[in-house]
Amino acid sequence: MKLSLYKAILKEENNQKKVETKRKIHKYKGYVKGDGIMKKIKLGFAPTRRSIFSAPDAIKYRGLTAQRLKELDVDFVDITDINEEWLLYDDKDVDKIVEKFKKEGVDGLMLPHCNFGTEYVCARLAKKLDVPVLLWGPLDERPEPNGVRLRDTQCGLFATGKVLRRFQIPFTYLTNCRLNDPVFERGVKDFLAVCNVVKTFKNIRILQISTRPFDFWTTMCNEGELLEKFNIQLAPVPMTELTEEVKAVREDKEKMEQMIAYIQDTMVIKIKEAEVEMVAALALAMKNLVEKYGCQAAAIQCWNALQTEIGIMPCAANAILNEQGIPVVCETDIHGAVTALLVEAAGMDEKRGFFADWTIRHPDIENGELLQHCGPWPMSVAQEKPELTYPLAFEHPGSLTAEAKHGDVTLCRFDGDNGEYSLLLGNAKGVDGPKGMGTYLWVEVENIKRLEAKIVEGPYIHHCVGIHKNVVPVLYEACKYIGVKPDLYDPIEEDVKAYLRGE
């Protein structure tokens, strides 16, 4: 057995042990998503050169770039088996690279220009792969004393950018820099997050639990249009299917005990024992249906048919799934579920988002606003352990009450009407304010009147998703790949572009 193969087998065995360990540790701690381990984004690594510049220097920088990616723990597929130089320059290699990258399931393509680059070959490869493209090259050195230049990377980047545009291929440009420059690491990690958003957006399926509440005309959506434009799929189920699943899961004593223990561990209980059991059953039932229909998120008609059937609000059950990385949004807001998936993908699934209403102005801060909802926010978002209690304006139990952590947040909303879709984006910061009910956070923005007008004039509604991380640049960049217009509610577009340029 070859040593490399032996090492690969050992590595795979160790990875499997780690997976099983993490599954056991996190099973009921709110971190579980999918198989229990966050998926890495995989890049196709296709370094390129041109014949009229130094091939040895191109090979040298191919190796240095690959090594730097490994240091950054980037998962990538190389082309070392395609040709002897391990470089993209021959048109005859394109189909072999495409076949390999597709077989490996790459989520993005990185095109390091190692001396100049063969622009038309890069464009043909990118066109056939149809994934986000990262265009970058190492900063050129000082010319030799006799005037000779071993590389002409910057010039090659100019050429490839032009040809990619001719091929109508959207791409992300990482500024011409050295491998150890901080901007390189930041740019690569941001691109991985962009790839995560695009991958998520292209594979969305949402569990729709019942119809929207009658009074909520704002949350209507065009199911056919979402499918035709974006391949966003809905899996509609009637309320009775959910309530029947609730009955079924209550028979599984072990899972019920585990979920009740999890609730007791993460919430301050202010409702009756039988009501806690129903919250646990509802959370388990919704998760089962999400998995049954192959969905990544859910939107539920949270009132009032459900209360007639099982006597509780679904807010706390929503919060449990939200904590587990399965966004569940209120009032059957399909666009809200899409937003939640995009926001968490932009944060590389490292933080949980929270689904909120824009509600009222802050009584004391000029540009302050209250973000609030009945009680569905993830427990990890709260400043202190949330109370499991009764929601604002409803008589039935089953919601959380807690103020969210302060700090910088991104606020976002995917929405559309009359066939036009856009992504409202911006920043805010958590501030002090009056005590609230449900899950809430007072925020301050740059100009509340400007934001207010954006929401009223549309295509947005009173719902948004927040996350305690600045993911505005990542979402802005991702929009070029998903066919959605970025809509910044503050005039910060030039600042965002400057950040993306590495300034």
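Computed from a prediction, not measured in an experiment: that's the story for all the values here.
Proximity of a side-chain donor or acceptor of Arg413 to a complementary backbone N or O of Tyr460 within less than 3.5 Å is not detected. Checking side-chain atoms of Thr339 against main-chain N and O of Val465 turns up no donor-acceptor pair under 3.5 Å. Not one N or O on the side chain of Tyr89 forms a donor-acceptor pair closer than 3.5 Å with the backbone of Val121. The main-chain N or O of Glu119 is never found under 3.5 Å from a side-chain atom of Lys162 such that the two would form a donor-acceptor pair. Panel note: side chain Gln208, backbone Ser210; a donor-acceptor pair is recorded below 3.5 Å. The backbone N or O of Val328 sits less than 3.5 Å from a side-chain atom of Asn322, completing a donor-acceptor pair.
Asn367 CG to Arg450 CZ: the interatomic distance, rounded to the nearest 0.5 Å, is 9.0 Å. Distance check, rounded to the nearest 0.5 Å: CD of Gln296 to CG of Leu341 gives 6.5 Å. In this structure, the separation between CD1 on Ile97 and CD1 on Ile82 is 5.5 Å, given to the nearest 0.5 Å. A distance of 6.5 Å separates CZ of Phe45 from CE of Met110, quoted to the nearest 0.5 Å. We find the NZ-CD1 distance between Lys287 and Ile326 to be 5.0 Å, quoted to the nearest 0.5 Å. For the atom pair Ile467 CD1 and Asp408 CG, the distance stands at 13.0 Å (nearest 0.5 Å).
Pro473 has its side chain within reach of Val496: a pair of non-hydrogen atoms, C-beta onward, lies under 4.5 Å apart. When side chains are defined from C-beta on, Asp333 counts as touching His335, because their heavy atoms get closer than 4.5 Å. Two residues are said to be in side-chain contact when any heavy atoms from C-beta on lie closer than 4.5 Å; Thr332 and Ile209 fail this criterion. Counting heavy atoms from C-beta on, the side chains of Phe101 and Val77 come closer than 4.5 Å. In this structure the side chain of Asp140 never reaches within 4.5 angstrom of the side chain of Phe116, judged on heavy atoms. Between Trp358 and Ile455 there is a side-chain heavy-atom pair separated by less than 4.5 Å.
Between Glu85 and Arg49 there is a salt bridge, since a side-chain N of the basic residue sits under 4.0 Å from a carboxylate O of the acidic one. Glu503 and Lys497 are not joined by a salt bridge, as no carboxylate oxygen comes within less than 4.0 angstrom of a charged side-chain nitrogen. A salt bridge links Asp78 with Arg62: the closest approach of a Lys/Arg side-chain nitrogen to an acidic carboxylate oxygen falls below 4.0 angstrom. Comment: Arg352 engages Glu344 in a salt bridge, judged by a side-chain N to carboxylate O separation of less than 4.0 angstrom. Salt-bridge check for Lys100 with Glu104: failed, with every basic side-chain N at 4.0 Å or more from each acidic carboxylate O.
Taking the six-membered ring for Trp and thresholds of 30 and 60 degrees, Trp377 and Phe354 have ring planes inclined between 30 and 60 degrees apart. Ring geometry for Phe230 versus Phe201: interplanar angle over 60°, hence perpendicular rather than tilted (30 to 60°). The aromatic rings of His462 and Phe216 are tilted relative to each other, their planes meeting at an angle between 30° and 60°.
By the 6.0 Å contact criterion, CD on Glu420 is open, its count of non-hydrogen atoms from other residues, nucleotides or ligands being 12 or less. By the neighbour-count criterion of 12 heavy atoms within 6.0 Å, atom NZ of Lys385 is densely surrounded, having more than that number from other residues, nucleotides or ligands. Within 6.0 Å of CZ on Arg166 lie no more than 12 heavy atoms contributed by other residues, nucleotides or ligands. The environment of Glu71 atom CD is dense: over 12 non-hydrogen atoms of other residues, nucleotides or ligands sit within 6.0 angstrom. Around the NZ atom of Lys454, the shell of radius 6.0 Å holds more than 12 heavy atoms that belong to other residues, nucleotides or ligands. More than 12 non-hydrogen atoms from other residues, nucleotides or ligands lie less than 6.0 angstrom from CG of Asp417.
Considering Lys128, Arg124, Lys96 in turn, Arg124 is the only one that fulfils the salt bridge (Lys or Arg N to Asp or Glu O under 4.0 Å) rule with Asp91.
Donor-acceptor pairing under 3.5 Å is lacking for the side chains of Asp490 and Asn427. A side-chain donor-acceptor contact under 3.5 Å links His463 and Asp357. Remark: the Gln154 side chain and the Asn176 side chain contain no N/O donor-acceptor pair separated by less than 3.5 Å. One side chain, Gln301 or Thr211, offers a donor N or O that lies under 3.5 Å from an acceptor on the other. For the residue pair Glu477 and Thr172, a side-chain donor N or O sits within less than 3.5 Å of a side-chain acceptor on the partner.
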Derivation of the salt bridge (Lys or Arg N to Asp or Glu O under 4.0 Å) call for Lys292 and Glu245: CA-CA 11 Å; Lys292 176 182 177 181; Glu245 189 65 27; over 6 Å; no
side-chain hydrogen bond (donor to acceptor under 3.5 Å, both in side chains) evaluation trace for Ser380 with Glu323: CA-CA 7 Å; Ser380 61; Glu323 189 66 66; 2.8 Å; yes
Side chain to side chain contact (heavy atoms under 4.5 Å, CB included) between Ile320 and Met267, worked out: CA-CA 10 Å; Ile320 292 168; Met267 305 173 193; 3.7 Å; yes
Criterion side chain to side chain contact (heavy atoms under 4.5 Å, CB included) on Tyr293 and Gln233, from CA distance to verdict: CA-CA 11 Å; Tyr293 290 97; Gln233 303 175 28; over 6 Å; no
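Residues Asp130 and Lys202 share a closest heavy-atom pair of O-NZ, 3.7 Å. Lys40 and Asp107 make their closest contact through O-OD2, 4.1 Å (heavy atoms, listed as atom of the first residue, atom of the second, distance).
Here His113 and Tyr61 keep their ring centres 6.0 angstrom or further from each other.
Relative to the six-membered ring of Tyr499, Arg186 meets both conditions, a distance below 6.0 Å and an angle of at most 45° to the axis.
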